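Structure first, then comments.
Hydrogens, waters and symmetry mates are skipped; everything else that's a heavy atom, side chains included, is used. Keep in mind that what you see is a predicted model, and the values were worked out from it rather than measured. Residue numbers begin at 1 in each chain, while the letters A, B, ... track the order of the sequences.
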Amino acid sequence: MYAQMIKSTGEGVKSLDDMEPEERAFQERINAGGKIEPKDWMPEGYRKNLIRQIGQHAHSEIVGQLPEGNWITRAPTLERKAILLAKVQDEAGHGLYLYCAAETLGVTRDQMTRDLLSGKMKYSSIFNYPTLTWADMGAVGWLVDGAAIMNQVPLQRTSYGPYARAMVRICKEESFHQRQGFDIMMKMAKGTEAQRKMAQDALNRFWYPSLMMFGPSDAESVHSAQSMAWKIKMNSNDELRQKFVDQTAPQAEYLGLTVPDENLKFNEETGHYEFSEPDWDEFFDVLKGNGPCNTERLEARNRAWDEGRWVREGLLAHAEKKRKTAIAAE
Amino acid sequence: MSDALFEYLCRMGDNTLVLGHRISEWCGVAPVLEEDIALANTALDLIGQTQLWLGLAGEVEGKGRDADQLAFHRDVWDFRNLLLVEQPNGDFGRTMMRQFLFDGWHLAQLKGLMTSSNDQIAAIAEKSVKEVTYHLERATDTVIGLGDGTEESHKRMQDALDRLYPFVGEMFIADAVDQAMVSDGIAPDPSTLRPDYDAMLDAVLAEATLQKPTDDFAHKGGKSGARHTEHLGHMLTQMQWLQRAYPDATW
Amino acid sequence: MSSPESSPYSDTDAAPHGKARATEWPLWEIFIRGQHGLSHRHVGSLHAADAEGAIKNARDVYTRRNEGVSIWAVPASAIAASSPEEKGALYEPANDKVYRHPTFFDIPDEVGAM
């Protein structure tokens with residue numbers, strides 16, 4: 001998915017003239033659309049921000065496995081089970097690609113994992129919401145992945161090479177995710193009365209959390225300005241949110257479902273939908289750890305990590321023994 | 001004859017269905033990301049094989065049941081999977097030991113099916129052999145690595161082997177269904193697969209520094225459906241819940 | 001990327017980091033030559049306890065088991081690098097897992113791009 005709560009370092013954006021030569025060369029390269037690679041010089045703020053952003057993005061993928069994983073064993077057909085499993089597996093893969101990208105910045109995956117497990121590093125708040133019915137698998141794919149894609153597609157052009165390359169691969173795989181979600185929603189929305197009710201309920205619960213995924217308005221933010229100058233943030237939050245609503249509202253209509261916002265309407269003049277803001281107090285509550293599933297999600301990650309420790313150690317010890325035997329044989 | 005064939009196909013399909021389901025329970029909580037992804041691949045292979053086996057079973061039965069109906073609308077006594085595969089995951093070591101013990105039999109069985117007199121079965125076997133060859137390779141490496149790893153990993157793998165070994169025997173006991181398959185040239189006699197399996201097992205366990213239990217006792221009742229363990233029912237209540245709660249819905 | 005001003009996290013969230021735990025598996029760089037590929041291409045990295053494990057993990061992570069590929073696994077620490085200038089290394093999903101392809105899902109035209 002992506003990281004919504006990134007705050008950049010810096011006191012606002014420096015002008016090229018105020019920069020030392022190497023920083024100036026760095027910024028000019030970014031301005032010209034060039035890529036920064038691991039061994040290139042980079043400002044410490046750029047490196048730190050990237051570690052945090054890519055790390056949070058990676059954590060979001062890994063924690064994001066849980067709400068959907070919640071339904072793999074209850075998927076209603078063999079095909080649905082296979083598709084959902086393949087999708088959640090992709091999320092593990094995306095987490096892996098992103099961790100690897102962050103690792104090029106001089107941090108290890110285990111270090112980032114430890115920071116996730118201790119609560120020091122964050123993941124996308126959307127995954128602190130529960131998945132209560134099968135229709136939620138539809139809503140998560142359609143809305144949550146839909147919102148994530150809005151964020152991720154522009155990031156394929158981000159200035160940091162390994163991150164951009166990871167995003168290219170991820171975006172290629174994500175397209176099937178949103179489609180499988182919409183496919184479930186179509187089946188539900190056009191199914192029995194009970195299924196239609198489930199679909200509407202899922203939309204009701206996931207609509208505003210999906211809008212929150214883009215983060216609060218950042219129109220006036222100097223931090224965002226710095227991230228945008230560095231091209232590690234490509235669009236403003238409001239811009240992406242508007243794009244998401246514009247794309248999603250007609251899809252809901254197609255499904256015959258009602259977006260839970262009585263203010264939602266198409267403005268002929270602007271060519272955009274008008275819509276209500278989500279409840280930002282709720283957003284900050286969830287961010288602080290008070291979402292419906294924060295505790296369970298972190299518990300699950302911690303348990304997997306703790307219970308897997310002997311496996312990681314065991315295989316490493318075996319590899320070490322083999323290595324020593326090989327050396328002795330030479 | 002077609003009853004025996006139906007039974008046989010349910011055995012193949014229920015094994016992959018139940019084990020695929022068990023493996024899918026690991027999704028998102030495996031010890032390390034790479035293993036999480038690998039386990040999901042194994043589960044996906046097994047679910048895919050299930051669709052083929054149970055699809056064919058439904059065709060042979062000729063009562064209009066498809067793979068999903070067989071998977072989601074039969075009760076415990078109609079399941080024909082080996083007791084081994086319905087055993088709970090336990091820790092990662094037990095999961096991989098179960099996988100290894102099953103894969104060794106599964107691969108031998110599938111190789112025998114590649115020359116089946118039934119073309120459809122031979123075709124499914126040919127596709128599956130490629131996948132299962134890799135399952136066995138991976139499970140073998142893991143059993144060896146963890147058996148030989150640390151003191152703790154060694155102990156856990158020995159515990160897993162001790163716990164699961166009594167479910168090995170059932171895979172090789174031939175019954176009337178198997179006899180019917182043998183006489184029609186459809187499937188190999190499972191009892192003939194045992195010597196090679198034992199040799200493979202001994203070699204791997206030696207490398208893994210694990211001791212094969214001396215007691216050859218074998219629990220049975222899975223593939224005949226006569227007496228499953230209590231675990232299967234719990235698995236089915238979860239797996240089949242949506243289908244049974246909303247029987248008039250399509251998904 | 002999106003950045004709430006009132007974010008409770010300090011600028012130093014990501015740093016400094018302590019020492020990595022001794023149990024971390026080494027990092028490997030993975031190179032794959034596809035069925036009709038002329039040479040191996042870098043596709044990404046992963047963690048594994050040893051070389052054999054790295055190759056198996058690469059099969060699972062980067063080829064999703066597509067057959068007929070040749071895999072190289074190189075310890076990341078053994079790579080000497082100038083400044084790589086690699087374009088996105090795309091991989092082909094396994095051919096029999098059709099549902100990985102977006103086109104598997106038939107989305108009605110009225111719904112628009114997805």
inquiry  = What I'd like to find out is whether the side chain of A/V311 reaches to under 4.5 Å of the side chain of B/V32, using heavy atoms alone.
reply    = no
key: Heavy-atom pair with the smallest gap, counting every atom of A/V88 and B/C27   = CG1-SG, 3.4 Å
query = Which bit of B/A67 comes within less than 4.5 Å of chain A, counting heavy atoms only: side chain, backbone, both or neither?
reply = both
inquiry  = Please classify the contact between A/M137 and chain B as side chain, backbone, both or neither, with a heavy-atom cut-off of under 4.5 Å.
reply    = neither
key: Residue part contacting chain A, namely of B/L17, when any heavy atom lies under 4.5 Å   = side chain
ask   = What distance separates B/I23 CD1 from A/I72 CD1, expressed to the nearest 0.5 Å?
value = 12.5 Å
ask   = Between B/M235 and chain A, which part of the residue has a heavy atom less than 4.5 Å away: side chain, backbone, both or neither?
value = neither
Segment of A/I184 engaging chain B (4.5 angstrom heavy-atom cut-off) = neither
Counting distance alone, with no hydrogens or angles, which donor-acceptor pairs between chain B and chain A are under 3.5 Å?
from: B/H21; atom 1: ND1; to: A/K81; atom 2: NZ; distance (Å): 2.8
from: B/G28; atom 1: O; to: A/R301; atom 2: NH1; distance (Å): 2.5
from: B/P31; atom 1: O; to: A/R312; atom 2: NH1; distance (Å): 2.8
from: B/E34; atom 1: OE1; to: A/R109; atom 2: NH2; distance (Å): 2.7
from: B/E34; atom 1: OE2; to: A/R109; atom 2: NH1; distance (Å): 3.0
from: B/D36; atom 1: OD1; to: A/Q65; atom 2: NE2; distance (Å): 3.4
from: B/I37; atom 1: O; to: A/Q89; atom 2: NE2; distance (Å): 2.8
from: B/N41; atom 1: OD1; to: A/Q89; atom 2: NE2; distance (Å): 2.8
from: B/D68; atom 1: OD1; to: A/L78; atom 2: N; distance (Å): 2.9
from: B/D148; atom 1: O; to: A/K321; atom 2: NZ; distance (Å): 2.4
from: B/D148; atom 1: OD2; to: A/H318; atom 2: ND1; distance (Å): 2.6
from: B/G149; atom 1: O; to: A/K321; atom 2: NZ; distance (Å): 3.0
from: B/Q238; atom 1: OE1; to: A/T73; atom 2: OG1; distance (Å): 3.3
from: B/Q243; atom 1: NE2; to: A/P76; atom 2: O; distance (Å): 2.7
from: B/T250; atom 1: O; to: A/Q195; atom 2: NE2; distance (Å): 2.7
from: B/W251; atom 1: O; to: A/R80; atom 2: NE; distance (Å): 2.6
from: B/W251; atom 1: O; to: A/R80; atom 2: NH2; distance (Å): 3.0

request  = Among the options B/I144, B/L39, B/L146, B/V29, pick out the one with the most heavy-atom pairs lying under 4.5 Å from chain A.
outcome  = B/L146
ask   = So which of A/A194, A/A317, A/A92 has the largest heavy-atom pair count under 4.5 angstrom toward chain B?
value = A/A92
inquiry  = Taking side chain to side chain contact (heavy atoms under 4.5 Å, CB included) as the definition, give me every residue that meets it alongside B/E59, ordered by chain and number, with sequence neighbours left out.
reply    = B/L56, B/Q120
ask   = Tell me, side chain or backbone of A/A319 under 4.5 Å from chain B's heavy atoms, or both, or neither?
value = neither
key: Atom group of A/L66 that falls short of 4.5 Å from chain B, counting heavy atoms   = side chain
ask   = What part of B/I47 gets closer than 4.5 Å to chain A, counting heavy atoms only: side chain, backbone, both or neither?
value = side chain
